[in-house]
Visitor: 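Once you've had a glance at the structure underneath, I'll fire off some questions.
In this chain, numbering begins with 1 at the start of the sequence shown. Everything numeric here is computed off the predicted structure, so don't read it as measured data.
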Amino acid sequence: MNLVALVVKNNMKTGILLINLGTPDSPSTSDVRKYLTEFLNDPRVIDINPVGRFLLVNGVIVPFRASKSAKLYQHIWTDKGSPLLIHGQNLKAKLQTALGNDFVVELGMRYQSPSIETALNKLKEQHVEKIVILPLYPQYASSSTGSSIEKAIELIKSWEVTPSLEIISKFYDQPSFIDSMVEVAKQYKLEEYDHFLFSYHGLPERHIQKSSAHYGANTCNFGKCCDVINSNNQYCYRAASLETTRQLVKRLSIPEGKYSSAFQSRLNDKWLKPYSDKIVAEKAARGIKRMLVFSPAFVADCLETIYEIGVEYNEIFRKHGGEKIQLVQSLNDHPRWVKALKEMILKTKTSA
């Protein structure tokens with residue numbers, strides 16, 4: 001190999017594409033409407049007949065929901081902007097520092113700004129020889145992880161030169177992720193709480209059944225089939241969520257009977273059960289006074305954690321006799337989380 005070729009090879013970098021779901025550009029009704037329109041028209045999110053989806057989203061959901069959602073976003077918005085975006089930008093910067101000059105880290109949102117296309121174009125300008133696509137969703141779901149990966153590949157396939165690709169499609173089963181969650185939990189005095197709730201984002205039950213069918217497995221019965229992770233259910237969102245709880249409970253030494261796993265943000269009664277808000281009400285009515293809530297499906301605090309859990313669930317809890325719900329903050333840009341991502345990324349470099 002001549003000197004020029006050696007220099008070129010040594011200057012080749014690996015691109016890291018971090019992807020999160022997205023956020024409106026502002027908490028105004030018009031920007032929230034724009035965000036919801038893009039989000040809910042994704043066929044992986046509302047997986048029904050295209051005509052039916054168009055009419056449902058654009059004729060019913062968005063017109064009635066945009067104004068209400070805008071008020072909620074106004075509640076969590078900061079002087080610097082959207083919490084989800086701020087945490088993402090901070091994480092990107094810290095991960096870049098941790099990885100060093102052999103890597104280029106970019107952040108793209110599946111919906112709105114900064115877009116996945118913008119992030120990929122920045123990597124393309126750096127002439128990266130490889131891209132690690134890392135959707136920031138611990139448990140795989142077609143509507144989040146699948147959609148993000150599909151969008152990235154759709155954009156990359158139009159490039160004249162396609163770089164090598166590595167995809168990290170789930171990481172709930174990575175010890176470094178669990179280590180990060182445990183490290184954040186240490187900020188709270190666990191002995192002060194009567195009950196622990198692990199609240200995951202909800203999904204339609206049909207999404208779970210479709211992922212089961214993909215692996216030729218028996219359709220998930222939403223019961224004991226998710227009690228142990230195996231080759232048939234490793235991409236089942238419900239199974240992955242319950243396994244995340246089991247790992248955290250074990251590491252945090254939480255006794256049996258003092259914790260629950262549930263799912264939030266449902267749209268109807270055909271979503272994953274039990275529902276987090278129902279668990280909150282039931283536990284308060286049974287005498288639980290202080291509850292600590294983890295949100296292991298979210299790596300950055302956002303509307304669903306800050307407002308839904310931090311505000312709405314506190315109101316429900318107190319209404320039924322409880323005293324206080326404490327939200328465990330998400331991983332955000334915690335140093336242990338930055339280290340965990342670095343470890344996951346370097347594993348892909350080793351295996352290449």
Visitor: Do E304 and Q264 get their side chains close enough for a donor-acceptor pair, meaning under 3.5 Å?
Guide: no

Visitor: Connecting only ILVMFWY residues whose side-chain heavy atoms lie within less than 4.5 Å of each other, what is the rest of L55's hydrophobic cluster?
Guide: V51, F54

Visitor: State, yes or no, whether a side-chain contact exists between T14 and I345 at a heavy-atom distance under 4.5 Å.
Guide: no

Visitor: Look up atom CD1 in I149 and atom CD1 in I167, then write down how far apart they are to the nearest 0.5 Å.
Guide: 5.0 Å

Visitor: Compute whether any side-chain donor of one residue and acceptor of the other, for H207 and D47, lie under 3.5 angstrom apart.
Guide: yes

Visitor: Examine distances only and state if a side-chain atom of S158 and a backbone atom of E154 form a donor-acceptor pair shorter than 3.5 Å.
Guide: no

Visitor: Are more than 12 heavy atoms from other residues, nucleotides or ligands located less than 6.0 Å from atom NZ of K258?
Guide: yes

Visitor: Go through it in stages, so that I can follow the logic: the residues are N230 and N233, the test is side chain to side chain contact (heavy atoms under 4.5 Å, CB included), and I'd like the CA-CA distance, side-chain angles, deciding distance and then a yes or no.
Guide: CA-CA 6 Å; N230 55 53; N233 68 7; 3.4 Å; yes

Visitor: Within this structure, what is the CD1-CD1 distance for the pair I306 and I76, rounded to the nearest 0.5 Å?
Guide: 4.5 Å

Visitor: With Y172, which residues qualify under ring pair (Phe, Tyr, Trp, His ring centres under 6.0 Å), at least two apart?
Guide: none

Visitor: If every non-hydrogen atom of I86 is compared with every non-hydrogen atom of G81, which pair is closest and at what distance?
Guide: CD1-O, 3.6 Å

Visitor: Taking 4.0 angstrom as the limit, do K339 and D179 come out as a salt bridge?
Guide: no

Visitor: Please name the pair of heavy atoms, one in S265 and one in E308, separated by the smallest distance, quoted to 0.1 Å.
Guide: OG-OE1, 2.6 Å

Visitor: Nearest heavy-atom pair of P163 and I156: which atoms, and what distance?
Guide: CD-CG2, 4.2 Å

Visitor: Taking the side chain as everything from C-beta on, heavy atoms only, tell me whether L91 gets closer than 4.5 Å to V105.
Guide: no

Visitor: Quick one: does any side-chain atom of R290 pair with a main-chain N or O of Q326 as donor and acceptor, under 3.5 Å?
Guide: no

Visitor: Should the ring pair Y307 and H75 be called parallel, tilted or perpendicular, given that the plane angle runs from 0 to 90° and is split at 30 and 60?
Guide: perpendicular

Visitor: Do side-chain atoms of K13 reach the backbone of V104 as a donor and acceptor pair under 3.5 angstrom?
Guide: no

Visitor: According to side chain to side chain contact (heavy atoms under 4.5 Å, CB included), who are the partners of K186, at least two apart in sequence or on a separate chain?
Guide: V182, E183

Visitor: Cluster question for you: counting only ILVMFWY and a side-chain heavy-atom cut-off of under 4.5 Å, with indirect links fine, are I168 and L165 together?
Guide: no

Visitor: Decide yes or no for I48 and R206: does some side-chain heavy atom of the first lie under 4.5 Å from some side-chain heavy atom of the second?
Guide: yes

Visitor: Could you give the distance from CG (N332) to OG1 (T305), rounded to the nearest 0.5 Å?
Guide: 7.5 Å

Visitor: Between F198 and F294, what is the ring plane arrangement, given parallel below 30°, perpendicular above 60°, and tilted in between?
Guide: parallel

Visitor: Can you tell me if N314 uses its side chain to pair, donor with acceptor, with the backbone of I325 under 3.5 Å?
Guide: yes

Visitor: Tell me if a side-chain donor or acceptor on S199 pairs with a main-chain N or O of S295 at a distance below 3.5 Å.
Guide: no

Visitor: Say whether, by atom type as modelled, one donor and one acceptor occur between the side chain of Y200 and the main chain of S241 under 3.5 angstrom.
Guide: yes

Visitor: Considering all heavy atoms of both residues, which atom of G15 and which atom of L123 are nearest to each other, and what is their separation?
Guide: CA-CD2, 3.9 Å

Visitor: Begin from the C-alpha positions of K342 and V338 and carry the test side chain to side chain contact (heavy atoms under 4.5 Å, CB included) through to its verdict.
Guide: CA-CA 6 Å; K342 178 181 177 180; V338 175; 5.7 Å; no

Visitor: Side chain to side chain contact (heavy atoms under 4.5 Å, CB included), that's the test. Do T23 and W77 meet it? Break it down for me.
Guide: CA-CA 11 Å; T23 177; W77 218 258; 3.9 Å; yes

Visitor: Evaluate the side-chain proximity of R33 to S28: yes if any heavy-atom separation is below 4.5 Å, no if none is.
Guide: no

Visitor: Does any non-hydrogen side-chain atom of I309 lie less than 4.5 Å from one of L197?
Guide: no

Visitor: Are L203 and Y111 in one and the same hydrophobic cluster, where Ile, Leu, Val, Met, Phe, Trp and Tyr link if side-chain heavy atoms are under 4.5 Å apart?
Guide: no

Visitor: Determine whether more than 12 heavy atoms belonging to other residues, nucleotides or ligands lie under 6.0 Å from atom CG of D79.
Guide: no

Visitor: Please check if the distance between the ring centroids of W337 and F171 is under 6.0 Å.
Guide: yes

Visitor: Please say whether more than 12 non-hydrogen atoms of neighbouring residues, nucleotides or ligands are located less than 6.0 Å from CD in E191.
Guide: yes

Visitor: Could you tell me whether the side chain of H334 reaches within less than 4.5 Å of the side chain of S180, counting heavy atoms only?
Guide: no

Visitor: Should M12 and L17 be regarded as members of a common hydrophobic cluster, given that ILVMFWY residues are connected when their side-chain heavy atoms come within less than 4.5 Å of each other, either directly or indirectly?
Guide: no

Visitor: Looking only at the side chains, is there a donor atom on one of T245 and S261 sitting less than 3.5 Å from an acceptor on the other?
Guide: yes

Visitor: Decide, yes or no, whether a salt bridge links K283 with D194 under the criterion of side-chain N to carboxylate O below 4.0 Å.
Guide: no

Visitor: Under the side chain to side chain contact (heavy atoms under 4.5 Å, CB included) criterion, do I229 and D173 qualify, and how do the steps go?
Guide: CA-CA 10 Å; I229 292 292; D173 50 356; over 6 Å; no

Visitor: Is it true that, when you exclude E282 itself, more than 12 heavy atoms of the residues, nucleotides or ligands shown sit nearer than 6.0 Å to its CD?
Guide: yes

Visitor: Any side-chain donor paired with an acceptor under 3.5 Å for Y73 and D31?
Guide: no

Visitor: Check whether R110 reaches the backbone of S144 with its side chain - one donor and one acceptor, N or O, closer than 3.5 Å.
Guide: no

Visitor: What is the minimum heavy-atom distance between G59 and F64, and which atoms define it?
Guide: O-CE1, 4.4 Å

Visitor: How long is the span from the OG1 atom in T348 to the CG atom in L134, to the nearest 0.5 Å?
Guide: 8.5 Å

Visitor: Give the minimum heavy-atom separation between C220 and C225, together with the two atoms involved.
Guide: SG-SG, 3.7 Å

Visitor: Between E323 (side chain only) and K289 (backbone N and O only), is there a donor and an acceptor less than 3.5 Å apart?
Guide: no

Visitor: Would you say Q96's side chain and G100's backbone share a donor-acceptor pair under 3.5 angstrom?
Guide: yes

Visitor: Measuring only between side-chain heavy atoms, which start at C-beta, is E312 closer than 4.5 Å to D277?
Guide: no

Visitor: Assigning hydrophobic clusters by single linkage (Ile, Leu, Val, Met, Phe, Trp, Tyr; side-chain heavy-atom cutoff under 4.5 Å), is V280 placed with V293?
Guide: yes

Visitor: Working to the nearest 0.5 Å, report the span between CG of L84 and CG of L303.
Guide: 10.0 Å

Visitor: Grouping I, L, V, M, F, W and Y whenever their side-chain heavy atoms are under 4.5 Å apart, do F298 and L327 come out in a common cluster?
Guide: no

Visitor: Answer whether the closest heavy-atom distance between the side chains of Y235 and S211 falls below 4.5 Å.
Guide: no

Visitor: Do Y137 and S148 have side-chain atoms, one donor and one acceptor, less than 3.5 Å apart?
Guide: yes

Visitor: Tell me whether Y237 contacts the main-chain N or O of S142 through its side chain, where contact means a donor paired with an acceptor under 3.5 Å.
Guide: no

Visitor: Is the closest basic N to carboxylate O distance between E205 and K273 below 4.0 Å?
Guide: yes

Visitor: Are the charged groups of D42 and K151 less than 4.0 angstrom apart, N to O?
Guide: no

